[in-house]
Each structure stands twice: as structure tokens, then as C-alpha cells.
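Working notes for the structure below.
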Amino acid sequence: MRKRLIFLCLMLSFLFVGTSVVEAASDKPLFYRIDMDKEIGSTTWRYMRKGYDEAQKRGATAIVLRLNTYGGAVVYADSIRTLILNSSLPVYAFVDNNAASAGALIAIACDSIYMREGARMGAATVVDQTGGALPDKYQSYMRATIRATAEAQGRDTVYTADGLPEVRWRRNPLIAEAMVDERLSVPGLCDSTKVLTFTAREALQWNYCEAMVEGIDEIITSRLGYSSYEVARYEPSFYDEVVGFLQNPIVQGVLIMLIIGGIYFEMQTPGVGLPLAVSIIAAVLYFVPLYLSGLAASWEILLFVLGIILLVLEVLVIPGFGIAGILGLIFFFSGLLLALLDNVNLNFSWISLNSLTQGILVIFCGFLGAVVLSLLLMKRIGHKGLFYRVALHADQNIEEGYVAVPENLASLVGREGVTATVMRPSGKVRIDEEDYDAIAYRGSYLEADTPVRVVKVENMQLYIVPLNAEEK
């Protein structure tokens with residue numbers, strides 16, 4: 001019995017010592033590394049958000065953002081910049097090779113910037129897809145954005161050669177602005193003929209770089225003073241790549257085009273077919289990534305669905321085009337737009353003008369694309385080619401039981417009868433115990449058994465008005 005007690009005590013001691021070692025190992029400060037090697041866009045924005053969330057959950061000491069990018073979309077760079085400026089964790093930038101354009105904006109937002117020998121940073125002029133500079137309206141907003149980012153780093157008190165204290169910006173906002181506008185001149189650095197781009201040594205000289213280093217480990221040990229630490233790296237999954245791709249503004253515009261085009265063609269054809277399936281798939285691909293990313297809320301998706309329901313009711317049930325149709329259009333497009341914006345219960349205080357403008361532009365381009373696509377398909381259907389196969393080409397021969405519309409419809413003008421069905425505005429009218437297809441004149445709504453008169457025949461179709469209506 002005594003031996004068993006001694007053995008039990010030894011086992012408990014070993015467990016206690018092992019637990020202490022594990023706890024000691026877990027006490028090492030954790031630095032979370034996020035790589036940005038791609039063009040700044042929806043995918044890199046997803047990397048940053050997910051990496052930041054994981055760093056917070058794991059209790060990271062700081063985030064090290066490794067940059068090697070030639071830039072990208074300003075709207076996503078602005079979102080990353082805002083996240084960094086509002087971060088409760090220190091964020092350090094390591095410019096491994098390039099931090100151009102949008103990458104420079106992100107680097108300036110970080111608490112400290114470290115650069116590898118031979119790295120470059122700057123050239124933040126807003127350009128189009130061909131590389132040409134956009135009008136000054138866009139440059140003005142970018143100048144203000146990058147200037148405000150530099151100002152957010154605050155000021156330091158330094159002492160001049162005379163021993164007098166002087167307050168200086170940690171990162172001179174004028175230098176940041178010169179990365180956007182070639183008209184600005186910084187004495188001793190650049191004249192007013194070119195956009196500013198720093199080398200690593202120039203950035204170090206002008207306080208836009210804390211030190212030149214060879215890697216992240218050197219930042220942590222030599223610059224931050226940690227001898228024992230752990231580095232965790234955010235590893236994007238294939239799912240992240242797919243979701244990031246679907247959140248690309250161009251892809252979202254195409255999906256909106258397919259949603260609208262599919263609904264339009266489905267309403268032009270009888271039954272349920274391919275257009276509706278295309279529209280549903282496009283809607284799922286549009287909303288699901290936004291919902292999983294936390295942008296689209298459930299009520300925004302329901303708003304979109306409600307808009308479709310109101311539009312269907314307006315077309316198939318309610319006569320004319322009134323309140324239901326207008327509300328349907330408002331709900332439909334509002335659902336698409338609000339899903340793109342990171343708002344909470346219609347609180348837009350955190351929404352940037354760039355995000356709102358891009359959302360409106362994406363929806364407008366998608367709608368315009370749907371209109372163009374509809375016009376092209378309507379012209380192509382019936383001709384030889386891809387769309388010839390989906391058109392109806394069967395012959396309706398008399399021998400097979402098909403009969404033409406009666407030719408004596410013109411003789412019914414002026415005759416009276418009653419509506420055999422509800423007219424919305426089309427339906428059937430009964431004249432001399434025989435039913436005919438008819439349309440209520442001027443799109444009016446008539447109940448069944450309403451006395452009517454035939455006023456005209458057009459395109460082999462009867463047009464009727466109620467007997468108590470004043471004929472014009």
C-alpha cells in the first residue's frame with residue numbers, strides 16, 4: 001500500500017511538472033504573420049480580416065504584415081487601412097520587396113515600417129485598368145486619404161542643434177501626399193515633376209522606415225527586443241480563394257446581370273426553366289459569400305427576396321404597375337446594395353464613400369449588362385447558332401389538330417357580353433354562349449360576370465370595356 005502511494009505521488013509530480021512546462025512554453029509572445037503577395041482586392045481584404053480575427057482569438061502580441069504587392073483597388077486598401085488604424089493590436093509592416101500604390105497606403109497605416117535592402121514604397125497615384133491616371137477628383141480623395149493616414153501616426157518631440165524642443169510629424173504628411181501628386185515638391189527629396197517612390201535607404205532617411213532588416217525574425221529580436229517568441233502564419237484555404245474571387249466587383253456585376261436577366265427571361269417564357277435556375281444560382285453565389293463574410297445580414301437577403309415577390313405579384317396578379325411594383329424595385333435593388341456595405345442595422349457611420357460609390361457602380365453596371373444581354377439574346381434567338389436550340393421551331397399543321405384564330409372576330413365589334421373570368425387585364429369574355437380571349441381596354445381590372453362591350457379587334461384579339469364606362 002505504501003509503495004502504491006509513493007508511485008501515485010511521483011506520477012502527480014510528473015504531471016505537475018509537465019503541465020508547468022507546457023504553460024511556460026505557451027507563455028511565449030505570439031506574433032501573427034499575414035502575407036500580402038497578391039494585388040490588393042477582395043481576396044487580400046479577406047486575408048486581412050480573417051488573419052486579424054485569428055490573431056485576436058489566439059492572444060497575439062502583434063501582427064506583422066509582410067508586403068510584396070504592386071497595389072490594387074483603392075476601396076479594399078482603404079478598408080485594410082481603416083482596420084489597421086483602429087486595431088487594438090500593434091501592426092508592423094515588413095516591405096519584403098514592393099509596397100506600391102495601395103500597398104504604400106497600407107504600409108503607412110502600420111505602427112512601424114521595416115524594409116528589406118532593395119525594397120521600394122510609393123507611387124500611389126490612382127490609375128485605371130490601363131495604367132493611366134484618373135481625373136483629379138479621384139486623386140484629390142487619395143491625397144486626403146494618404147495624408148490623413150500619415151497624420152494618424154502622430155507627432156514626436158525632437159531637439160534641434162540649438163537644444164530647443166521641436167514638434168515634428170512621425171511621418172511627414174507632405175511626403176505621403178507627394179506619393180500621389182507629382183505637382184508637390186519636398187525640398188531636398190523631390191521636385192514637382194514626378195511621383196515620389198522611396199528606396200529603403202531613402203525611406204529610412206526621411207523617417208518612413210524604422211530600420212532596414214532581412215526578415216521578420218530580425219524585426220522581433222533586434223528591433224522589438226524579444227529573445228523567445230513564436231510566429232504563427234495565416235494560411236489561406238481554397239475556400240478563402242473562392243469566396244474572395246466571388247467578392248470581386250467585376251464578378252459581382254456579372255452575377256447581378258445574370259440575376260436580373262434570368263428573372264426577365266423567365267417571365268417571358270411559360271413554366272419554370274433554365275432562366276430561373278440561372279437566376280437562383282447567381283443569387284446564391286452573390287449573397288452567400290457576403291453573408292459568410294459578415295457583410296450581408298439576414299434581413300438584407302429577405303429584403304431582396306421580398307422585392308422579387310412584390311414584382312411577381314405586380315406582374316401576375318395586380319393589374320397595372322403601382323405601389324407593389326415600385327416597392328418591389330426599391331426592395332430588390334436595396335437588398336443588392338446593402339449586402340455590399342458593412343452596415344449594422346442601417347448604421348452607415350463606418351461606411352466609406354468609396355465603398356458606397358463602388359456598390360452603386362457594381363449594381364448599375366450589372367443592371368446595364370442585363371439590359372444589353374436581354375437585347376442581344378432576343379435578337380439571337382431564332383437564328384442559327386447557340387440560342388437556336390432553345391427556341392420553339394415546331395410547325396403547327398391543321399392535320400395535327402391545330403386551328404387558326406377565327407377570322408370573323410371583326411364582326412363582334414359593338415356586340416355585348418359578360419366576362420367569363422376575372423380580367424387582369426386579360427381573360428375570357430362570353431358572347432352568345434361562346435367564350436373568346438379578350439383584354440380589358442386600357443388595362444382595367446374587371447370582375448367575372450361584368451357586362452361588357454367589344455370596342456375593337458387588334459392583332460386577332462378582342463378589346464372590351466364595361467357597359468357603364470364612358471367610351472372615348
Side-chain angles (χ1 to χ4, degrees), residues 261-277 279-280 305-329 332 374-375 377-383 387-472:
I263 293 174
Y264 173 77
F265 278 104
E266 184 63 34
M267 296 176 66
Q268 301 299 312
T269 57
V272 177
L274 179 62
L276 181 60
S279 184
I280 292 175
V305 175
L306 179 60
I308 294 179
I309 294 174
L310 289 175
L311 288 173
V312 172
L313 290 176
E314 183 68 32
V315 173
L316 301 181
V317 180
I318 305 174
F321 191 85
I323 297 178
I326 295 173
L327 287 177
L329 288 174
F332 179 85
S374 300
L375 293 175
L377 290 183
M378 284 189 295
K379 290 183 179 180
R380 292 294 300 168
I381 291 177
H383 299 279
F387 300 105
Y388 180 80
R389 300 179 182 178
V390 301
L392 177 64
H393 302 287
D395 295 327
Q396 298 179 346
N397 300 317
I398 296 177
E399 294 80 5
E400 297 176 358
Y402 295 98
V403 295
V405 179
E407 298 180 356
N408 62 344
L409 290 180
S411 64
L412 297 177
V413 176
R415 299 283 297 275
E416 297 179 359
V418 296
T419 55
T421 64
V422 176
M423 311 295 290
R424 298 193 181 106
S426 61
K428 291 186 177 294
V429 62
R430 183 168 297 143
I431 301 176
D432 294 337
E433 303 301 324
E434 188 171 351
D435 292 344
Y436 299 90
D437 292 325
I439 296 178
Y441 197 47
R442 295 191 179 92
S444 56
Y445 177 89
L446 302 176
E447 295 287 351
D449 298 323
T450 301
V452 295
R453 178 185 293 111
V454 179
V455 293
K456 70 172 182 176
V457 176
E458 188 175 282
N459 297 326
M460 308 302 291
Q461 182 72 60
L462 298 181
Y463 284 79
I464 61 173
V465 295
L467 290 180
N468 58 359
E470 180 180 357
E471 298 180 21
K472 297 184 180 180

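- The two residues Ala420 and Asp435 make their nearest non-hydrogen contact at CB-OD1, 4.1 Å.
- Of all non-hydrogen atoms in Ile431 and Glu416, the two that sit nearest each other are CG2-O, 3.8 Å.
- Going from atom CG of Leu329 over to atom CG of Leu311 covers 5.0 Å, rounded to the nearest 0.5 Å.
- Considering CG of Leu412 and NZ of Lys456, their distance stands at 15.5 Å, rounded to 0.5 Å.
- Contact record, Ala324 with Leu310: O-CB, 3.6 Å, taken as the closest heavy-atom pair.
- Every residue two or more places apart in sequence or in another chain that forms a side chain to side chain contact (heavy atoms under 4.5 Å, CB included) with Ile308 is listed here: Ile263, Phe304, Val312, Phe332.
- Residue Thr421 holds its OG1 atom at 9.0 Å from CG of Asp437, rounded to the nearest 0.5 Å.
- Looking at Leu462 and Val457, their side chains come closer than 4.5 Å, going by heavy atoms from C-beta outward.
- Evaluation of the side chain to side chain contact (heavy atoms under 4.5 Å, CB included) rule for Thr419 yields Met423, Leu446, Thr450, Val452, Ile464 as partners, not counting sequence neighbours.
- Annotation: side chain to side chain donor-acceptor pair (under 3.5 Å) contacts of Asp449 (sequence neighbours excluded): none.
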